[in-house]
Amino acid sequence: MAPPSAAPVALVTGGSRGIGRGICLELARNGYAVAVNYAGNEAAAQETERLLQALSAPVATLRCQADVGNSADRDRLVDEVLARWGRIDVLVNNAGITSPGRRDILEAEADGWDQVMAVNLKGPFFLTQRVAQEMLRLHGQGLPANGKQAIVNISSLSAYAPATNRGDYCISKAGLRMLTQLWALRLADHGIRVYEVCPGVIDTDMTAAAKEKYTPLIEAGLSPIRRWGTAEDVGKAVAALVSGTFPFSTGDVINVDGGFHIRKFPVT
Ligand SMILES: NC(=O)c1ccc[n+]([C@@H]2O[C@H](COP(=O)([O-])OP(=O)(O)OC[C@H]3O[C@@H](n4cnc5c(N)ncnc54)[C@H](OP(=O)(O)O)[C@@H]3O)[C@@H](O)[C@H]2O)c1
């Protein structure tokens, strides 16, 4: 393990594309060295690194391939970050997959369920466990001095708005909500804050196939703020949460959804 780096370190799962890339960029703008995890798209991860190094104040970066749904990969991922920097201050559990085939729940298959749960729920749980252990170990070395250790989980409006063609995805994101509360409770005494960021409809590869379907809905008021969300919108929320601006808050949900979550009375 390397001696702890002077700069704080953030590990962002699924940092190669979409929302994860937006999070990497905002954390880098806030001075974090960034570990960019990805599953298989190395070219995209390289592009994220290039963008981080092209910032007006470039940060140190590390590209780490690892399937967060795989136990050995998760351990290797954390080991690689510690071997480079000796510390992890922020973990963002962002990597996620949609429901394979988006089958109606009457037709959904167990294989797809297992895949979604492994990446979207089991991965974040056990990665949080491992990273929290490492964060606590750092306390023994008097680090970090700034008390800004945090874990952020990227959920979805699917955590509370059911869609019957992606039950596994919805349940994984609802589970992430409880995961956030469990770890917020467990780590509060140690000064480690845990948050959920709940995006609405965000313009990324994940939503590309549904773009034509969503655009008119957004224009018609699907969210009170009538535009697509961006990866930058989500990145800014994550950066604000981990900045220490909310020192008496943990376990909270921040919606980044243009107001989608507001329930409207159907008749006025
Ligand atoms: N887009 C939306 O509207 C929206 C809304 C609400 C919530 N979300 C959530 O936000 C997160 C990011 O979504 P996105 O739209 O940015 O998705 P995306 O464009 O499909 O990107 C997915 C990212 O996750 C990585 N990834 C996928 N499986 C992985 C695995 N097993 N291990 C490690 N990394 C893995 C991908 O790596 P590779 O590049 O190597 O494939 C990529 O970096 C997800 O958790 C998603 O559920 C998205």
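Note that ligands are numbered from 1 as they come in the structure, with each ligand's atoms numbered from 1 the same way.
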inquiry  = Considering non-hydrogen atoms of the protein only, which is the closest contact for atom 28 (N) of ligand 1, and what is the distance?
reply    = I97 CG2, 3.6 Å
request  = Check each atom of ligand 1 against the heavy atoms of G18 and keep those under 4.0 Å away; list them by number with element.
outcome  = 16 (O)
query = Taking only heavy atoms of G14, which atoms of ligand 1 are found under 4.0 Å from at least one of them?
reply = 23 (C), 24 (O), 25 (C), 43 (O)
inquiry  = Whether the T98 and R102 side chains hold a donor-acceptor pair (N or O, under 3.5 Å, no angle test) is what I'd like checked.
reply    = yes
Proximity to ligand 1 by part of S155, non-hydrogen separation under 4.0 Å = backbone
task = Measure the distance from atom 38 (P) of ligand 1 to every protein heavy atom, then report the residue, atom name and distance (to 0.1 Å) of the closest one.
result = S16 OG, 3.4 Å
query = Based purely on interatomic distance, does L157 place a nitrogen or oxygen under 3.5 Å from a nitrogen or oxygen of ligand 1?
reply = no
query = Looking only at N/O atoms, are T204 and ligand 1 under 3.5 Å apart anywhere?
reply = yes
ask   = Are R130 and D79 close enough, and set up right, to give a salt bridge (charged side-chain N to carboxylate O under 4.0 Å, His left out), and what steps lead you there?
value = CA-CA 10 Å; R130 172 73 204 278; D79 289 345; 2.8 Å; yes
ask   = Looking only at heavy atoms of G229, does any of them come nearer than 4.0 Å to an atom of ligand 1?
value = no
message = Below a 4.0 angstrom heavy-atom separation, can you tell me which part of V119, side chain or backbone, both or neither, approaches ligand 1?
response = side chain
note = So for T207 against ligand 1, with non-hydrogen atoms under 4.0 Å, the contacting part is side chain
ask   = With a cut-off of 4.0 Å, which atoms of ligand 1 are near a heavy atom of N37?
value = 33 (C), 34 (N)
ask   = Would you say the side-chain atoms of T215 pair up with the backbone N or O of E212, donor to acceptor, closer than 3.5 Å?
value = no
ask   = Got the closest protein heavy atom to atom 3 (O) of ligand 1, with its distance?
value = I202 N, 2.9 Å
message = Side chain, backbone, both or neither: which applies to A66 and ligand 1 if a contact is any heavy-atom pair less than 4.0 Å apart?
response = backbone
inquiry  = Tell me the nearest of D67, T13, D73, I19 to atom 48 (C) of ligand 1, using heavy-atom distances.
reply    = I19
remark   = Looking only at protein heavy atoms, what sits closest to atom 32 (N) of ligand 1 is V68 N, 3.0 Å
task = Enumerate the atoms of ligand 1 whose separation from the nearest heavy atom of N41 is less than 4.0 angstrom.
result = 38 (P), 39 (O), 40 (O)
task = In plain terms, say whether R76 and D73 are close enough for a salt bridge, that is, a side-chain N and a carboxylate O under 4.0 Å apart.
result = yes
query = Any side-chain donor-acceptor pair under 3.5 Å between T13 and N93?
reply = no
Side-chain donor/acceptor of R87 to backbone N/O of S5, under 3.5 Å = yes
message = Is a donor from one side chain sitting under 3.5 angstrom from an acceptor on the other, for H190 and Q149?
response = no
query = Is it true that G200 lies under 4.0 Å from ligand 1, counting heavy atoms only?
reply = yes
ask   = Going by distance only, is there an N or O of P199 that falls short of 3.5 Å from an N or O of ligand 1?
value = no
note = The closest protein heavy-atom partner of atom 47 (O) of ligand 1 is Y169 OH, 2.5 Å
query = How does N94 reach ligand 1, if at all, at less than 4.0 Å between non-hydrogen atoms: by side chain, backbone, both, or neither?
reply = both
message = Between R193 (side chain only) and P247 (backbone N and O only), is there a donor and an acceptor less than 3.5 Å apart?
response = yes
inquiry  = Looking at non-hydrogen atoms alone, which of G22, G96, A43, P124 comes nearest to atom 22 (C) of ligand 1?
reply    = G96
key: Part of K173 with heavy atoms under 4.0 Å of ligand 1, whether side chain, backbone, both or neither   = side chain
key: A39-ligand 1 polar pair, N/O distance under 3.5 Å   = yes
inquiry  = For R63, is there an ion pair with E49 - N to carboxylate O distance below 4.0 angstrom?
reply    = yes
request  = Please work out which of the three classes, parallel, tilted or perpendicular, describes the rings of W228 and Y214, given edges at 30° and 60°.
outcome  = perpendicular
key: For atom 34 (N) of ligand 1, closest protein heavy-atom neighbour   = A95 CB, 3.4 Å
message = With a 4.5 Å cut-off on side-chain heavy atoms, are I192 and T250 touching?
response = no
ask   = Distance only, no hydrogens: is a donor on one side chain within 3.5 Å (strictly under) of an acceptor on the other, for T230 and D203?
value = no
task = Hey, could you give me the OG1/OH distance between T48 and Y38, rounded to the nearest 0.5 Å?
result = 11.0 Å
query = At what distance is the nearest protein heavy atom to atom 36 (C) of ligand 1, and which residue and atom is it?
reply = R17 NH2, 3.7 Å
query = Does the pair R227/D233 count as a salt bridge with the N-to-O cut at 4.0 Å?
reply = yes
ask   = Are the side chain of N37 and the backbone of C64 linked by a donor-acceptor contact shorter than 3.5 Å?
value = yes
